[in-house]
2 protein chains.
Amino acid sequence: MATATTPRYSIGAFAQAVGLTAPTLRYYENEGLIEPHRLANGRRYYEETDVNWVKFLLHLKGTGMSISELKQYVEWRAAGDSTIPQRLELLKKVKADFLVQFNEVQHHLQILNDKINWYEEKEAGVTQDHEDFATYLQRFGHRE
Amino acid sequence: MATATTPRYSIGAFAQAVGLTAPTLRYYENEGLIEPHRLANGRRYYEETDVNWVKFLLHLKGTGMSISELKQYVEWRAAGDSTIPQRLELLKKVKADFLVQFNEVQHHLQILNDKINWYEEKEAGVTQDHEDFATYLQRFGHRE
DNA sequence: TGTTGACTTAAAGTGGACTTTAAGTTGTAA
DNA sequence: TTACAACTTAAAGTCCACTTTAAGTCAACA
């Protein structure tokens, strides 16, 4: 009977695979987010499941979670299924914060778009008097 | 004939009006983003148009522009209409970068949502074997 | 055998955007 | 007239998330 062996990544190869640098991986490890295996000579190695794990962490990070929040999440995960309520609560809080930011940022984009359009109209139009940006915004119902 | 006077804001009142702190306003001034007027005794004052200006800067900042990019924009603006092409180019670049980030962040949210749903199903369902997150994601066509 | 290149560690450094401190001035209200 | 809040400055400090440095170990290849 054959034993299926999962490929082992050195820290460099793993960094490539997840889109980080080796120093960043060591930093994350220090912060308690990852716990790689070690070869007999002390070198780290990572397995396929670690790729998914880090990619998932990066998604959470991308929604605004800080390193310390990620650490808290990781600790709860290591503590087992009894911490699922805490994890769920944390993720819901992260989501709520995210949605607030998301709306704000969409409004910022709106104003940016309006300003670009205003410049383009100004460039295209005659050199003479052009309504100012505030007035322009009002025409679209965009405040401030 | 009456002379219309615009109200003058002290730095504290102005900070309130734009949602920043007085030290932050001094910092922005130092960085070249704002140039308030001064009373005879050396104290800063701001006018109504400055409120709009700062709010607009905060919108740009909210789309991802750094202080130094804002400074560049402000300098071009002070230089007059001949710099409109540069300003337009900068804003378009900011918008392009923003849209890239925006798409990424939406994907991060998708994964966060999926994870929340996965936990909720797990909590609701029977205690026994529950499909893992990777498999769960596949059912929705959400990768990684 | 010796020279790469990839790894190991702990500690110090960086960048951005503020925030805080310290020491002093000014205007108003009790 | 004295207390207090709000202002002034320059400089130092903070926080976060890395990044860089320094000094050393190790495996493989010419």
Side-chain angles (χ1 to χ4, degrees), chain A residues 7-47 50 54-55 57-74 94 97-98 101 104-105 108, chain B residues 7-47 50 54-74 90 94 97-98 101 104-105 108:
Chain A
R8 292 174 168 189
Y9 294 84
S10 69
I11 194 168
F14 187 71
Q16 277 272 109
V18 299
L20 296 172
T21 66
T24 301
L25 287 170
R26 293 193 194 98
Y27 165 70
Y28 282 178
E29 183 180 340
N30 243 297
E31 297 301 309
L33 305 190
I34 325 170
E35 221 183 291
H37 314 272
R38 297 279 182 158
L39 297 172
N41 62 16
R43 294 193 176 188
R44 293 166 178 84
Y45 72 87
Y46 303 79
E47 288 172 355
D50 300 319
V54 170
K55 284 185 175 173
L57 285 181
L58 292 177
H59 281 302
L60 292 187
K61 187 164 179 295
T63 64
M65 279 179 85
S66 66
I67 299 291
S68 70
E69 282 176 324
L70 287 171
K71 184 182 182 167
Q72 175 62 255
Y73 180 83
V74 167
V94 167
D97 292 354
F98 177 94
Q101 294 300 310
E104 286 180 13
V105 123
H108 298 321
Chain B
R8 293 176 167 188
Y9 294 85
S10 69
I11 192 168
F14 188 70
Q16 276 272 108
V18 299
L20 296 172
T21 66
T24 302
L25 287 170
R26 293 193 195 98
Y27 166 70
Y28 282 178
E29 183 180 339
N30 243 298
E31 297 302 307
L33 304 190
I34 325 170
E35 223 183 291
H37 315 272
R38 297 278 182 158
L39 298 172
N41 62 16
R43 295 193 175 187
R44 292 166 179 85
Y45 71 89
Y46 303 80
E47 288 172 355
D50 299 318
V54 170
K55 284 185 176 174
F56 173 62
L57 285 181
L58 292 177
H59 281 304
L60 292 187
K61 187 165 179 295
T63 64
M65 280 179 84
S66 66
I67 299 291
S68 70
E69 281 175 325
L70 287 171
K71 184 182 183 165
Q72 176 62 256
Y73 180 83
V74 168
L90 173 57
V94 167
D97 292 353
F98 177 94
Q101 294 300 310
E104 286 179 12
V105 124
H108 297 320

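Remark: P of D/dC18 and CG of A/Asn30 are 13 Å apart, rounded to the nearest angstrom. Rounded to an integer number of Å, the gap from A/Leu20 CG to D/dA17 P is 14 Å. One atom, CZ of A/Arg8, and another, P of C/dC7, lie 15 Å apart when rounded to the nearest Å. D/dA28 atom P lies 11 Å from atom CG of A/Leu39, rounded to whole Å. Rounded to whole Å, atom P of C/dA17 lies 16 Å from atom CG of B/Leu25. Atom CZ of B/Arg43 and atom C1' of D/dT9 are 13 Å apart (whole Å). Rounded to whole angstrom, the span from the OH atom of B/Tyr46 across to the C1' atom of D/dC7 amounts to 11 Å. When rounded to the nearest whole Å, the span between CG of B/Leu60 and P of C/dA17 equals 14 Å.
Residue B/Lys61 has a polar side-chain atom (N or O) positioned under 4.0 Å from OP1 or OP2 of C/dC18. Side-chain N/O atoms of A/Arg38 include one lying less than 4.0 angstrom from OP1 or OP2 on C/dT9. Phosphate contact (OP1/OP2 of C/dC18, side-chain N/O of B/Thr21, threshold under 4.0 Å): absent. For D/dT8, the OP1/OP2 oxygens have a side-chain nitrogen or oxygen of B/Arg26 closer than 4.0 Å. Of the side-chain N and O atoms in B/Tyr28, one or more sit less than 4.0 angstrom from OP1 or OP2 of C/dC18.
If B/Ser68 and A/Ala22 are placed on DNA chain C by their nearest nucleotide, the residue sitting closer to the 5' end is A/Ala22. Two residues, A/Asn41 and A/Thr24, neighbour DNA chain D, and the one matched to the more 5' nucleotide by heavy-atom proximity is A/Thr24. Nearest-nucleotide positions on DNA chain D place B/Glu29 closer to the 5' end than the other of B/Glu29 and A/Ile67.
Of the candidate nucleotides C/dT8, D/dT19, C/dA17, C/dA17 has the atom lying nearest to any side-chain atom of B/Tyr27.
Considering CG of B/Asn30 and NZ of B/Lys71, their distance stands at 9.0 Å, rounded to 0.5 Å. One finds the CG atom of A/Asp50 at 9.5 Å from the OH atom of A/Tyr9 (value rounded to the nearest 0.5 Å).
The shortest distance between side-chain heavy atoms of A/Pro36 and A/Glu29 falls below 4.5 Å. Residues B/Leu70 and B/Tyr28 are not in side-chain contact: their nearest non-hydrogen atoms beyond the backbone lie 4.5 Å or more apart. Between B/Arg8 and B/Leu39, the closest side-chain pair of non-hydrogen atoms falls below 4.5 Å. Considering only heavy atoms from C-beta on, B/Tyr73 stays 4.5 Å or farther from B/Glu69 through its side chain. With a 4.5 Å cut-off on side-chain heavy atoms, B/Val94 and B/Leu60 do not count as touching.
Every residue two or more places apart in sequence or in another chain that forms a side chain to side chain contact (heavy atoms under 4.5 Å, CB included) with B/Ser68 is listed here: B/Ser66.
As judged by a 4.0 angstrom heavy-atom cut-off over every strand, B/Arg44 is placed among residues touching the sugar-phosphate backbone only.
Using a 4.0 Å cut-off on heavy atoms, the residues of residues 10-19 of chain B that approach DNA chain D are B/Ser10, B/Ile11, B/Gly12, listed by number.
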